[in-house]
Amino acid sequence: QDLEDDKLDLVTISMPPGVGKLIADDTPVLTTKGWKRHGDLMVGDMVYGRGGQAVKVKHVFPKHYAEYEVAFSNGEIVKCHGDHEWVLWDRSSNSERVVDTHYLAKLKLSSGEEGKRGHRHRFLLPNLPPIDGESVKLYVPPYTLGAWLGDGSIHKPSVTIPFSDRAVIDSIERDGYDLSTIHVHKDTGCPTFSFKKLRGDLQKYGMCHSRQTWEKRIPEVYLTASFDQRLELLAGLLDTDGTLSRGKYPKYQWSTTSELLRDDFMALVSTFGLRVGYTEYAPRLSSGGVQGRSTVYVVQFTPQFEIPCRLERKRLTSFGKPRRIGLCSVKRVERERGNCIEVEGGVYRVGRSMIPTHNSTLAIFYLSWIMGRCPDMPNL
């Protein structure tokens, strides 16, 4: 009434925060200290921004509910509120846009028949640079860890690899691990190389215990290490369990029977800003007549820079156009608790594949700024 009677010039209303741009609590987020649940992030935590730099969490908003599930073409699924915003490339307008989930849920998100030539996603995630990371002291040099994770014995400080791939063993020796024994299998003729001091260093990460049951994994500190350290780890993994296809669109494939190691490998590739996905194969009979017992996961990615593999057949020096991740679907799901955060720069990465997403903007002080800017204007 005072506004209508011209006693006031402006009425401003501050709505309760934390009821819009939120991500579900269980969503993994890579911080400079390793993985953390989105719901456990605190002011001062350092997450990774769009440009790859570490950015500080400036504010954590109250809890509310995620009610939508957003699925991407690399298999990543993120649960969020309908008002949550995404930074996307829109093919229809040939431009980058910030759009909310409610809006996306109303649209047709692709054209053509899925799985066939001509199928296209309307919205794509922007291409991302690698995360910065920091050079850190690692108990096991990255290349050696990658080679052992690929072809090493789970209970022994040894690697089983053909004599023709001796370059891998030479690199492990250069990392400071002297050979202790070489055992040649009486039937296959394949050698197993054992190393001094390697067991003790692996055990600092909880691995390579002779009588304990555990799974191979990439320790979190390696995911936030420097670009070069992460690249060395990737080279060790590819030199053992990887293959390189040199066609029109060259790509690496890496195989494992471990879901945990599959997810760790995909997270490692994602730290380089690369699109990565996997194909699952049921147990089958090998060409040598051996019946497999485990599901095999084949992870694929297209490189955008040279990876320092020691084996010549796995080196690539020319690269194709980077492939973007598409937004596949948006659907309502059962509600889950979540919350918003505010970070420096406005965009941060979430999920195991580090999807860029928009944050909330704290507007509490906007009202004070308005009144301070116009001190002679009657305000409520």
Side-chain angles (χ1 to χ4, degrees), residues 15-72 74-88 98 100-101 125-126 128-134 136 217-225 230 260 263-264 266-268 270-273 325 333-365:
M15 298 299 290
V19 295
K21 303 174 188 177
L22 68 84
I23 295 288
D25 283 346
D26 286 341
T27 307
V29 179
L30 187 64
T31 76
T32 55
K33 302 296 184 183
W35 291 108
K36 200 167 184 178
R37 292 171 70 252
H38 191 278
D40 296 332
L41 291 172
M42 302 173 62
V43 173
D45 281 341
M46 302 296 290
V47 297
Y48 289 97
R50 176 174 178 171
Q53 75 282 13
V55 295
K56 184 182 293 186
V57 176
K58 297 170 61 179
H59 194 81
V60 176
F61 292 86
K63 297 289 183 183
H64 199 57
Y65 292 97
E67 55 192 9
Y68 280 91
E69 185 178 271
V70 181
F72 298 90
N74 65 343
E76 188 78 64
I77 294 176
V78 179
K79 293 182 179 180
C80 64
H81 188 277
D83 290 335
H84 190 78
E85 294 179 333
W86 302 92
V87 182
L88 301 169
V98 177
D100 66 41
T101 307
L125 293 175
L128 297 174
I131 67 170
D132 291 342
E134 293 186 357
V136 292
R217 65 181 317 277
I218 297 175
E220 293 180 3
V221 65
Y222 286 80
L223 298 180
T224 57
R230 300 197 313 273
L260 177 60
D263 291 345
D264 282 354
M266 293 177 67
L268 173 65
S270 295
T271 68
F272 296 107
I325 297 169
V333 293
E334 187 175 343
R335 297 199 314 168
E336 289 187 21
R337 282 175 63 83
N339 64 277
C340 325
I341 66 169
E342 182 186 6
V343 304
E344 298 170 326
V347 176
Y348 64 109
R349 305 187 192 189
V350 301
R352 297 286 298 184
S353 56
M354 299 169 210
I355 301 290
T357 190
H358 215 281
N359 75 165
S360 294
T361 302
L362 187 61
I364 291 174
F365 298 109

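We use all heavy atoms of the structure for the numbers below, so side chains are in, but hydrogens, waters and symmetry mates are not.
- A side-chain donor-acceptor contact under 3.5 Å links Asp45 to the backbone of Met42.
- Looking at every heavy atom in both residues, Gly351 comes nearest to Thr27 through N-CG2, 3.9 Å.
- When all heavy atoms are compared, the tightest approach of Val43 to His59 is CG2-CA, 3.9 Å.
- Here Asp100 contributes atom CG and His84 contributes atom NE2; the two are 10.0 Å apart, rounded to the nearest 0.5 Å.
- Between Ile218 atom CD1 and Met266 atom CE the span is 12.0 Å, to the nearest 0.5 Å.
- In this structure, Tyr65 and His81 approach most closely via the heavy-atom pair O-CD2, 3.3 Å.
- You'll find the side chain of Thr357 stays beyond 4.5 Å of the side chain of Val347, heavy atoms only.
- At least one side-chain heavy atom of Met354 sits less than 4.5 Å from a side-chain heavy atom of Thr271.
- Taking OG1 from Thr224 and CG from Leu30, the interatomic distance works out to 6.5 Å, rounded to the nearest 0.5 Å.
- Shown here are the salt bridge (charged side-chain N to carboxylate O under 4.0 Å, His left out) partners of Glu69, two or more places apart in sequence or in another chain: Lys331.
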Would Ile23 and Ile341 count as a side chain to side chain contact (heavy atoms under 4.5 Å, CB included) here? Give the steps. CA-CA 9 Å; Ile23 295 288; Ile341 66 169; over 6 Å; no

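- Residues Tyr48 and Thr32 are in side-chain contact: their nearest non-hydrogen atoms beyond the backbone lie under 4.5 Å apart.
- Leu88 CG to Ile325 CD1: the interatomic distance, rounded to the nearest 0.5 Å, is 11.5 Å.
- Listed by first and then second residue, the salt bridge (Lys or Arg N to Asp or Glu O under 4.0 Å) pairs that reach into residues 343-357 are Asp264-Arg352, sequence neighbours excluded.
- Within the 4.5 Å cutoff, no side-chain heavy atoms of Lys36 are placed close to those of Val47.
- When every heavy atom of Leu128 is checked against every heavy atom of Pro356, the shortest pair comes out as CD1-CD, 3.7 Å.
- Counting all heavy atoms, side chain and backbone alike, Pro62 lies closest to Asn339 at O-CB, 3.6 Å.
- Across every non-hydrogen atom of Asp25 and Gly338, the tightest pair is OD1-CA, 3.2 Å.
- Separation of atoms CG (Leu125) and CZ (Phe72) is listed at 5.0 Å; rounding is to 0.5 Å.
- Under a cut-off of 6.0 angstrom, the local environment of CD in Gln53 is crowded, with over 12 non-hydrogen atoms contributed by other residues, nucleotides or ligands.
- At a threshold of 4.5 Å between non-hydrogen side-chain atoms, the residues Leu223 and Ile131 do not count as touching.
- Proximity of Arg230 to Leu268: side-chain heavy atoms (C-beta onward) are separated by under 4.5 Å at one or more points.
- Using a cutoff of 4.0 Å between basic side-chain nitrogens and carboxylate oxygens, Asp26 and Lys79 are not scored as salt-bridged.
- The backbone N or O of Gly39 sits less than 3.5 Å from a side-chain atom of Lys63, completing a donor-acceptor pair.
- In this structure Phe272 satisfies the ring pair (Phe, Tyr, Trp, His ring centres under 6.0 Å) test together with Phe227, Phe305, sequence neighbours excluded.
- In this structure, Glu220 contributes its side chain and Trp35 its backbone to a donor-acceptor pair below 3.5 Å.
- Here the CD atom belonging to Glu67 is positioned 12.5 Å from the CD atom belonging to Glu334, to the nearest 0.5 angstrom.
- A side-chain donor from one of Ser353 and Asn74 sits under 3.5 Å from a side-chain acceptor of the other.
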Should Tyr348 and Val57 be marked as a side chain to side chain contact (heavy atoms under 4.5 Å, CB included) after you check the CA-CA gap, both sets of side-chain angles, and the distance that decides it? CA-CA 10 Å; Tyr348 64 109; Val57 176; over 6 Å; no

